[in-house]
Amino acid sequence: MRITDGPTRNALHDDAYRYAFRRSLSARLSSVAAVDAVEAVEAVEAVSTGDISERTTLGTDAASRHLQLIAAARASLERYLPPSLPPRIRGNSSLQAALAALPPSERELLLLRYWDSLGAEDAGRAAGEDAGRLPSVLAACVRLMSPPVGSPAAFVVVLESADPALSVTQDELERSRRALPSRPGIGPAAKLAGVASFAPQKEFPDPGRMRDDNQGPVRGGRKLQAIIGAVCLVALVVALATALIPRTEPGPAGELERLYELADVVAVLSASSVEPTLVSNEVRMRQSASVVQIVKGQEEENPLIVDVTGRSTLERPYSRNFFPPHQIMFLTRGQDGILAPIEGEGSVLTLSDLRTPEVTTTAGDPVPMPAELRAAIDGLPEDQLTLATSGQAPGSLDADSIIGIRPDEGRDTQNLPGDLLGTFRGEYEDNDACFTFDFNGRTVLIRWPEGFSAYYRERSDADGDSAADARILTVLNERGYPYVDHNRQTPFIRGFPTGERGACLGQELEVWDIAVAPASTLLFY
């Protein structure tokens, strides 16, 4: 029966969907991989049944087609999931650890055999492993299980009962099938590349020795030769298509989509401490971070404990800034239940702008974000207060006028005598706040750059006044981070007198537009 037959096409889709779901636990990624796999197998059949010799035809043998389907589904899935990443096992940390300890090809051999129901020889070919290694792989897993399961047969029962695809519903499959193109045919070059890129890592064994554990010898070495010929043909077609058809590679935003799908928890975390912790006689670096927002997951712990072993860039560098920008982390839960960033680049980013929001690498390079993730992030404080603003962006006001005493060049402003320091003072009423700057008996009302606001923030030990009120009125800059507090002192401010007057702190005062550098702060220690 040909792929164009509806029931056959749906069955192929469902097999590919379950294969992908077993390795990703993501309905979205599974649907993408299933559609890609069906299109790729259809493309091979379309090529091999055209004006090509019958010797390269795939035929309709179910086993041959299933191997092609698995190859294409894995090729599609590996655009999002690194092959080294083991599948997540719900509710069985011992099985999760046993599978994670295996080399990727041996793990795939095991899963293809007992989750995807391939015969041992077919599983070996698809995994690029010697099928004869299956008993030793099983024995290794038995030894790794704690508590012990007793025997390889008992382990197989545990493994099969943990199959994630057992939870896949018919409704989920039907929703995914709607993404299948209505008319089968040769897909774009990217689809064909998925099939060609998944050639087995080892040579096929002698067809005469091919045997399914339950069904005896597999029929026909000619079938196997046909598969090899078809794959080679597809590789040739792909090479031509790549030269002639522009291909769209997954962009950086697609990488964040992948991380979001993989993560158990996606969190926005604020300034934190990193401490060495002894775990099972091994020193691990544990970070205790305040939670700003849980973007994905159900974590209620605050502060959140994160294992950042081997990630020295996460330790807070020396800085005069009270408030280093928040970090967004894509986290998975380890065997001990502790969250850790996903292995690889990009799983820990700096949330450089809370208002937009925007993210960068820890080195400061911009990282594009998918719109859905950007919309989900909301790290700004609640109950923000309105400030009077000038309509000018930070950095656009080039003003030489100052109020205060400009220190001599190279002099540390923090060591000036108190009588040479001016003071910010603020108050609020309803949803509006105002700030003044007072120096040597002269007080001006400040008008802020566009995008500034205010809020009451919780005091921390860094504020150095534990006896003061628990909260303090704070100005937020255009990126949503604290710029200055009520009662903060500094020797001078730069700005521009507007000629207008306004009221604050019960006084009528001259209004100044304050000159502020982009993304700057006056909160130093």
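- At least one donor-acceptor pair closer than 3.5 Å links the side chain of R22 to the backbone N or O of W115.
- Classification of R333 and D264 as a salt-bridged pair fails, no side-chain N sitting under 4.0 Å from a carboxylate O.
- The closest donor-acceptor contact from the side chain of S396 to the backbone of A393 lies under 3.5 Å.
- Ionic pairing of E108 and R23 is present here: one or more N-O contacts between side-chain nitrogen and carboxylate oxygen are shorter than 4.0 angstrom.
- Shortest non-hydrogen contact noted between H486 and G426 is ND1-N, 2.9 Å.
- A donor-acceptor contact shorter than 3.5 Å links the side chain of S390 to the backbone of Q392.
- Remark: the backbone N or O of V291 is paired with a side-chain donor or acceptor of N302 at under 3.5 angstrom.
- Put simply, CG on N92 and CG on L159 are 9.5 Å apart, with the number rounded to the nearest 0.5 Å.
- Interatomic distance, L110 CG to Y114 OH, rounded to the nearest 0.5 Å: 7.0 Å.
- Checked by atom type and distance alone, the side chain of S76 never pairs as donor or acceptor with a backbone atom of A72 at under 3.5 Å.
- Between the side chain of D353 and the backbone N or O of P357, no donor-acceptor pair lies under 3.5 Å.
- In the model, Q384 has a side-chain atom that pairs as donor or acceptor with a side-chain atom of S453 under 3.5 Å.
- At distances below 3.5 Å, not a single donor-acceptor pair connects side-chain atoms of T389 with backbone N or O atoms of E450.
- The backbone N or O of D432 lies less than 3.5 Å from no partner atom in the side chain of D430, so there is not a single donor-acceptor pair.
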* Asked: Could you go step by step and tell me if L380 and D378 meet the side chain to side chain contact (heavy atoms under 4.5 Å, CB included) rule?
  -> CA-CA 6 Å; L380 283 167; D378 184 12; 4.1 Å; yes
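- Checked by atom type, the side-chain pair D485/T474 shows a donor-acceptor distance below 3.5 Å.
- Listed for the T332 side chain is no donor-acceptor partner under 3.5 Å among the backbone atoms of I342.
- Looking at R286, its side chain never comes within 3.5 Å of a backbone N or O of V308 through a donor-acceptor pair.
- Heavy-atom minimum distance, P482 versus T521: O-OG1, 3.1 Å.
- With no hydrogens or angles considered, no side-chain donor-acceptor pair links T350 and Q327 at under 3.5 Å.
- Checked against the 6.0 Å centroid threshold, F330 and Y260 do not count as a close aromatic pair.
- The aromatic ring centroids of F435 and F424 lie 6.0 Å or more from each other.
- With sequence neighbours left out, the salt bridge (Lys or Arg N to Asp or Glu O under 4.0 Å) criterion links E174 to no other residue.
- Under 3.5 Å, the side chains of Y17 and R177 contain no donor-acceptor pair of N or O atoms.
- In this structure, R18 does not pair ionically with D116, as no charged nitrogen and carboxylate oxygen lie closer than 4.0 Å.
- Scanning all heavy atoms of the two residues, the minimum distance from V265 to G297 falls at CG2-CA, 4.5 Å.
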